[in-house]
Amino acid sequence: MHDNEAVVELRGITVEFPGVRALDGVDLTLRRGEVHALMGENGAGKSTLIKALTGVYTPTSGRVVVAGSPVAFTGPADAQASGVSTVYQEVNLAPNLTVAENIMLGNEPRRFGAIDVRAMRRRAAELLARLDVHVDPASSLGAHSLAVQQLVAICRALVVDCKVLVLDEPTSSLDAGEVEKLFTVMRTLRDDGVAILFVSHFLEQIYAISDRMTILRNGRLVGEYRTADLPRRELVHLMIGSSFEDLEKLGDAPRREQAAADGAEPLFQAVALGRKGSIRPFDLDVHAGEVVGLAGLLGSGRTELSRLLTGTDRADAGKVLLDGRPVRLATPRAALRRKIAYSSEDRKAEGLVGDLTVRENIVLALQADRGWLRRLPARTVDEIVDRYIAALDIRPANPAALVRNLSGGNQQKVLLARWLATAPRLLVLDEPTRGIDVGAKAEIQRLVAQLAADGMAVVFVSAELEEVLRLSHRVAVLRDRVKVGELVNSDDVHLGDVVDLIASGEAS
Amino acid sequence: MTRVQAIVRHRLFWPVVALVALLVANTIKNPTFVTLRVLDGHLFGAIINLLRQGAPLLLVSLGMTLVIATRGIDLSVGAVVAIAGAVGLASVAGAPDPGSLGAVLTAFVLALAVCVLAGMWNGFLVSVLGIQPIIATLVLMTAGRGIAMLITDGQITTVTSAPYKAIGSGFWLGLPIPVLLAAAVMAAVALLTRRTALGLLVESVGINPEASRIAGVGSRAIVWTVYVVCALFAGLAGLMVSADTMAADANNAGLFIELDAILAVVIGGTSLAGGKFSLSGTLVGVLVITTLTVTVGMMSISPSVTPLFKAVVVIAVCLAQSPAVRERLAARRRRAASTAAAAAEVAA
Amino acid sequence: MGALAGVRPRAVRSFRLDRRYLPVLGTLVVLVLMLAVGGGRYDGFVSGRVISNLFLNNAHLVVLAVGMTFVILTGGIDLSVGAVVALSGIVAAVSFQAGLPAAVVIPLVVLVGSVIGLLVGVMVHVFGVQPFVASLAAMFLARGLCYVLAPESVPIRDESFVALSSWSVQFGDGWRVTSAVVIALVTLAVAVWVLQRTRFGRTVYAIGGGEQSARLMGLPVARTTVLVYVVSGTCAGIGGLLFAMYSRSGYSLTGVGMELDAIAAVVIGGTLLTGGTGFVAGSLLGVLVLGLIQTIITFEGTLSSWWTRIVIGALVLVFVVLQRGLMGRRTT
């Protein structure tokens, strides 16, 4: 690793929003032919910094220097024209257009003012081939997997002479093979002299691919380091700083309690429950006081299974028994009536009602169950809201704050409070710890353990196997939308056992 | 932030300014504008007239506010106004004694029942079949006037019936019945939305339908309800309009009232994107539009030019409320504040 | 952990026939069915005269629907077009009255539409006013201006304009093509070309696919959004011109509710109101279907004219429900 010339220099970048200083005098140097990781917890200012670089935000103060000359991009288009391209986590392309159009839109080869479709497809095919992606340029983008769409987005960045490629959490929805593919692409580009700014939450990936990293914390620069010189523990310490103790707590505290009594009748039974195109019929028992973890890769059917358990999607096969008696869960409303609650993985789209207050969000499910005619008395509402704000340590502790202004962790807590307020007997938590800071994560894990200890049945879904393994009494393993097995958890069960099951589809 | 700034930044500041400006202009032009007279125990005056003219629009706009809050829109209200008038008058005309209270009540109930059916139809398309509201209600908007024509057989039905006429131009306790009715409906809606959980659930469905569904909100019932309520109110407005002239004009009754109602709701600060709604805002919006119409008459300008003035007010209010303009103003304020701060620093 | 994220099973989809063409095909089927039924019931229904008249009477609507398609493809809507038709008609009539030559008046009339469209576009894009409200304001504005310019109907007597409007080619058994039809079809052809083969056209689709994405792709969203309304306004201007050629007058009450016919035609033509999917050719078919309804009711003779509205409403309903079924199957 040699110190190449700097392609991008950000100096003293400060970005302010009304009432918030999102970035405070941050520096960043990107050099030719390096993969540079931008590290930090949620809210550290990573995306703000990227947006300041690409001209989405105008910095309140500070300089952006690209290839030696100061610039002030007016937006992503302007930045791209100067060779600074960005690929975002949620692929921002037009699913209704073809792959070739998505790659070339804005740069199409033209003849007599008209798009030369044939030349466009040829050029797109060349770019796809350069990244070793095999798809038909004339096919509709929406028909392809997210991973392919992401690679198409990178192809798009390569259409213009790309000096700097910003990858904002590109790996969060990819599987191992796809990540490896992406890394191969990144290495190729790096060797061609492209400077890559890479954001990821996965430390393994950072160490596998990056040469250097810049760490941010609370909108301030912590420092720039060579990846090889920085041990992981040290990196985590730098990223979370004073909240390091939380990580320590995470190590031991929240853990499953005593396993549920054997032979007791399950609270909830799914019998050959399934839905075409979503998940193959499966059986699943959940006892009171038990945490059942769902493990599997993204897209293995974890979310689909959770949705069937809770009536969020309607099952077209099998049945559900509650206390041994068959019940019909056609809608979330029917499930909530039976005290079964579902906390969606997609907090923003399927969980919170952003423009309503913390108070309204917490009582929403309770009120919905009562119907619109019987309003909850104001005193009851205040009591419930105050109780959960205190119990879950929701900050700010202001019931009248709009939920969309809260941080990710606190939003998740508000959502949990909503479900807890309905006093569920079965609580299905789909990725409750995703995208929130370490402290809040520990709190939520502790809460799950506590709820089970108090007799609630919990189904716990997480992409992080360690977490699933630590909290669950039993782990159901999914692969390719089939439930392939179940492990009764004990101290002898290790991560490797679950991984084996996922990989082989057979219990070892 | 000072109190003045708080007031200026209030959502309804510019609409209220527009309203006051219009009222002042009227008063300057014609000082008797604000005077009220008592004649035969009834209150008369330009302001009373204004309220009376605004009553049907207020009714329609209240329903529209709820529909818009659920991310919907109801383009069919104008057609429903026409249908209500057609059914009401046709029923009275067909009664053996058009002047009897019984015949009139039957007619009202029949007309409102038909409107509820129309609302159920819209609600069915939107909430059960999941069709976009603008298109779902376009169906009845297109076909509705045709249906009204069928009912009146293409004629402009005219009837004489004193009790029927009262809903349009009668007085009670010295006040015009349409105004009283509209005020009562407004109070009822306010109670219904804020004293029950309807308001919360409507907003929740409007802001995030999927999250609301998962939280167990019966979105379908709620959405369906608001379309029925909207059509019911439009029906009531239709009865008022038809009683005013005692003629069911299927072509022109309630023509463009849907547009005026949508404008009133938007001027009142409820976003067409759904979510938070403001009934008082809608009231202000209705008053602005009605006053505007009256003002054009007062200024002895041809009433056919009214659209031009409406356009000006709508554009002005929309621009004043637009995020772009607000941001620019806010930036200017910030800059002024920071310059002041810098100046203070230098001085220190 | 990250190494254990998964393959999203690729959606299995058949590509026998691109789904995007289904709605347009549906419209075509309806059109053919209507012709068949009409031809079976009435003598001389499927004749050169009737079909020529179908185009003749609806040339202005074709142009309006073409412009409306651009707007709806981006997910917007333009309610001002009916009023713009009236306004441009009146501008034409008043200018001719003032003695301006046709060479000046015709571009001027089209320009009036463009300017109103520009106004809507600026309100929508720069000021963030919802398209519905912005175009509503423009509708009121245009109507108001109509009354200011000429409260009464103004006849057009300019010789070259009259000559232009009465130019026609006749061939075969009753077939007739007028200048208005030629203008409408040329507009249509240009629109097809622009939408399918230019950056602007593809950007229109991209915006319909997702405005935020289009912006992050670095596409000129601002310019395109404004331009789409200019296109629609311009088409309304041309439509007004065609209507003036048809009626040889300008009148402030022209085109009341014509925007609804245009929207209905676009919807019946298979364009989704959510944007991103649809074709101008479909909108042409939509206009023809609307025109045929009118024709059938005329041929029927005993049916009152208000049945037209009811049938159009019912047809919009049928198409919307069918589209809904189509989309529904795709999402679940």
Side-chain angles (χ1 to χ4, degrees), chain A residues 16-19 58 60 306-307 310-313 331-344 346-357 359-378 381 402-404 415 418-419 421-422 424 428 430, chain B residues 1 5 9 66 69-71 127-128 189 191-226 229 269-271 273-278 323 326-335 337-338 342:
Chain A
E16 282 176 347
F17 302 116
T58 311
T60 319
S306 313
R307 290 174 74 95
T310 51
T312 310
D313 287 339
T331 60
R333 192 175 168 75
L336 280 163
R337 280 265 156 80
R338 309 266 180 197
K339 299 283 174 203
I340 298 171
Y342 171 62
S343 178
S344 166
D346 194 339
R347 204 161 51 223
K348 270 210 189 88
E350 300 182 348
L352 297 160
V353 184
D355 277 337
L356 292 184
T357 62
R359 178 191 294 120
E360 290 167 323
N361 267 286
I362 290 179
V363 298
L364 183 62
L366 212 54
Q367 180 63 65
D369 186 41
R370 289 169 64 100
W372 61 268
L373 268 175
R374 296 193 302 139
R375 196 169 82 129
L376 283 164
V381 169
L402 289 188
V403 140
R404 69 180 146 90
L415 194 53
R418 177 197 294 167
W419 305 125
T422 64
V428 179
D430 195 355
Chain B
M1 194 164 38
Q5 271 173 331
R9 293 184 65 173
L66 294 181
T70 63
R71 285 193 178 184
S127 71
V128 180
V189 175
L191 278 179
L192 195 68
T193 51
R194 299 305 176 196
R195 285 283 133 199
T196 72
L198 187 65
L200 170 67
L201 297 184
V202 161
E203 287 182 345
S204 150
V205 168
I207 298 166
N208 191 338
E210 183 57 13
S212 306
R213 186 180 81 92
I214 291 177
V217 178
S219 320
R220 185 173 288 184
I222 299 234
V223 170
W224 209 330
T225 308
V226 296
V229 166
T270 302
S271 161
K276 296 267 182 185
F277 64 88
S278 158
R326 297 197 139 211
E327 219 160 82
R328 216 154 290 166
L329 287 177
R332 190 177 302 166
R333 264 200 301 276
R334 265 205 304 280
R335 217 172 306 130
S338 64

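For clarity, every value in this text was computed on a predicted model and none was experimentally measured. In what follows, chains carry the letters A, B, and so on, assigned in the order in which the sequence lines appear, proteins first and then strands, with residues in each chain numbered from 1.
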Student check: side-chain heavy atoms of A:Trp419 and B:Ile214 closer than 4.5 Å: yes
Backbone N/O of A:Ala349 and side chain of B:Asn208: donor-acceptor pair under 3.5 Å: yes
Considering all heavy atoms, the nearest B:Ala197-A:Gly371 contact: CB-O, 4.4 Å
Any pair counted as salt bridge (Lys or Arg N to Asp or Glu O under 4.0 Å), so long as it reaches residues 205-216 of chain B, sequence neighbours left out: A:Arg307-B:Glu210, B:Glu210-B:Arg213
Atom group of A:Leu376 that falls short of 4.5 Å from chain B, counting heavy atoms: neither
Option that, when pairs with chain B are counted at under 4.5 Å, heavy atom only, ranks first among A:Gln367, A:Arg374, A:Arg370: A:Gln367
Closest non-hydrogen atom pair, B:Ala215 against A:Ala368: O-CB, 3.6 Å
Nearest-0.5 Å distance, CZ of residue B:Arg220 to OG1 of residue A:Thr331: 9.5 Å
CG on B:Leu192 to CG on A:Leu373, rounded to 0.5 Å: 8.0 Å
Selection from A:Arg337, A:Lys348, A:Arg375, A:Arg418 maximising heavy-atom pairs under 4.5 Å formed with chain B: A:Arg375
B:Arg194, part contacting chain A, at a heavy-atom distance under 4.5 Å: backbone
Minimal non-hydrogen separation, A:Trp372 against B:Thr196, with atom names: O-CB, 3.1 Å
Residue list, side-chain contact (heavy atoms from CB on, under 4.5 Å) with B:Ser204, at least two apart or on another chain: A:Val353, A:Leu356, A:Leu364, B:Ser212, B:Val217
